[in-house]
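Note sheet for the following structure.
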2 protein chains.
Amino acid sequence: MFELDLRSRKPIYEQLVDRLKQLIINNVLDKDEKLPSVRVLAQQLSINPNTIQKAYRELEAQGYIYSVKGKGSFVNHIMMTDNSAEIKKVKEQLKKQIAEALFLGVTIEELEKLITEVEQSVTRGDQDDSSPERH
Amino acid sequence: MFELDLRSRKPIYEQLVDRLKQLIINNVLDKDEKLPSVRVLAQQLSINPNTIQKAYRELEAQGYIYSVKGKGSFVNHIMMTDNSAEIKKVKEQLKKQIAEALFLGVTIEELEKLITEVEQSVTRGDQDDSSPERH
DNA sequence: TTAACTGTATTAATATATTTAGTACAGTTA
DNA sequence: TAACTGTACTAAATATATTAATACAGTTAA
């Protein structure tokens, strides 16, 4: 499904969270799409199932996925969840990164170009009303 | 000088790096301004000098400060260093954060407003030609 | 020159965080 | 029923961060 850097200073479960977020954000994974089970993904990546579970738990806490016992873990309809806390976080982080970029010599024009690029690369995923029952 | 969260999941030395970067980026610390010595800052913050040293080493590697044995550590003229690698990093990080923000519902207008806000908050520091000798 | 400062390096011990391993339980699906 | 799913828990192993103590070399000012 994707590659990990087992030698990275960044914990594996964090890499997993980041990578899965990317896939969800860029609509590579559709709404309600089933993620690999913790055991299957663990085997594919040759890491412990507990590590996958930790990543999935974090993604669920942040509202990106939801899990149903016995069924699996699925991509969430993000708008259904309260993500105001996440928005605040990402905005604060963005301000720091923007300040750093400006300091390093990146121009405002370049920053605006980045926004345009990202916005165009994010293709909208179609809506789909058939969702797994959540209990 | 500033406060740290010793209970945070984020390592102390990383908090130090981030905080000092902020101060440098926002011109709270002027070019060639002397930072507290590793021992003094360690005492002020009640942490080990080695942890300060680790943060300073990282800041030096990223080009934000330079250190002279026997003299001290000083804020760098960032433009004198090759920061293209740092620029590439921060741009990549920004793209991820922008994608996440858009996904969470932040509008492009809000993103552009963020840039304006940051740009206005960063007051330009005056140039100063008297620098410590680097050897 | 001396005393007190500076950065830097190294080793060892400790503390904390991450990952693995193994097991168990409950719900789902065919 | 058999094989899947998420979830929880404890224990052990591993990796990382932090502290502690010491040492060495360059700088500064008395």
Side-chain angles (χ1 to χ4, degrees), chain A residues 1 3-20 32-76 130-135, chain B residues 1 3-20 32-76 130-135:
Chain A
M1 194 170 194
E3 68 287 347
L4 295 173
D5 181 4
L6 298 180
R7 286 175 234 152
S8 167
R9 199 178 55 85
K10 191 172 209 171
I12 298 173
Y13 77 93
E14 275 191 24
Q15 293 182 49
L16 273 169
V17 168
D18 287 352
R19 196 73 190 89
L20 284 167
D32 296 314
E33 182 166 338
K34 192 174 177 305
L35 298 174
S37 78
V38 291
R39 291 175 180 83
V40 167
L41 187 52
Q43 195 165 25
Q44 280 179 7
L45 301 177
S46 303
I47 57 180
N48 194 283
N50 293 344
T51 306
I52 309 287
Q53 192 195 344
K54 190 169 184 179
Y56 279 11
R57 195 190 302 138
E58 176 64 21
L59 284 167
E60 184 159 23
Q62 290 186 26
Y64 285 86
I65 68 172
Y66 62 93
S67 298
V68 189
K69 203 192 299 191
K71 290 189 176 176
S73 300
F74 306 88
V75 177
N76 213 346
S130 64
S131 311
E133 298 298 327
R134 299 193 180 205
H135 53 81
Chain B
M1 194 170 195
E3 68 286 347
L4 295 173
D5 181 4
L6 299 180
R7 284 175 235 152
S8 167
R9 197 177 56 85
K10 191 173 210 168
I12 297 173
Y13 78 95
E14 275 192 22
Q15 292 182 50
L16 273 169
V17 169
D18 286 353
R19 196 74 189 87
L20 284 167
D32 294 315
E33 182 166 338
K34 191 174 177 308
L35 298 175
S37 77
V38 291
R39 292 174 181 83
V40 166
L41 188 53
Q43 194 165 26
Q44 281 180 6
L45 300 177
S46 303
I47 58 180
N48 194 281
N50 293 345
T51 306
I52 309 288
Q53 193 196 345
K54 189 168 184 180
Y56 280 12
R57 195 189 304 138
E58 175 65 20
L59 284 167
E60 184 159 23
Q62 291 187 26
Y64 285 87
I65 69 173
Y66 62 94
S67 298
V68 189
K69 205 192 299 192
K71 292 190 174 173
S73 300
F74 306 88
V75 176
N76 213 346
S130 65
S131 312
E133 298 298 327
R134 300 195 179 203
H135 52 84

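First the proteins, then the strands, lettered A, B, ... as listed; each starts at 1. Please read all numbers here as calculations on a predicted model, not as lab measurements.
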### d(CZ, A/R9; C1', C/dT19) in whole Å
17 Å
### Task
Name the closest nucleotide to the B/N48 side chain, picking from C/dA26, D/dA20, C/dT20.
D/dA20
### Task
For the residue pair B/F74 and B/V68, establish whether any side-chain heavy-atom pair is separated by less than 4.5 Å.
yes
### Within 6.0 angstrom of A/Q43 CD, more than 12 heavy atoms from elsewhere
no
### Message
With a cut-off of less than 4.0 Å, is there a side-chain N or O of A/Y56 near OP1 or OP2 of D/dG6?
### Response
no
### Side-chain N,O (B/S67) to OP1/OP2 (C/dT6) below 4.0 Å
no
### Query
To the nearest Å, how far apart are B/K71 NZ and C/dC5 P?
19 Å
### Nucleotide nearest A/N50 (side chain, heavy atoms from C-beta), chosen from D/dA20, D/dT7, D/dC9
D/dC9
### Message
If you go through the side-chain atoms of A/R39, does one of them form a donor-acceptor pair with the base of D/dT7 closer than 3.5 Å?
### Response
yes
### Summary
Scanning all shown strands, the Watson-Crick or wobble mate of D/dT18 with both distances under 3.5 Å is C/dA13
### Message
If I take atom CD in residue B/Q53 and atom C1' in nucleotide D/dT18, what distance separates them, rounded to the nearest angstrom?
### Response
13 Å
### Task
Tell me whether the OP1 or OP2 atom of D/dT18 has a side-chain N or O from B/T51 closer than 4.0 Å.
no
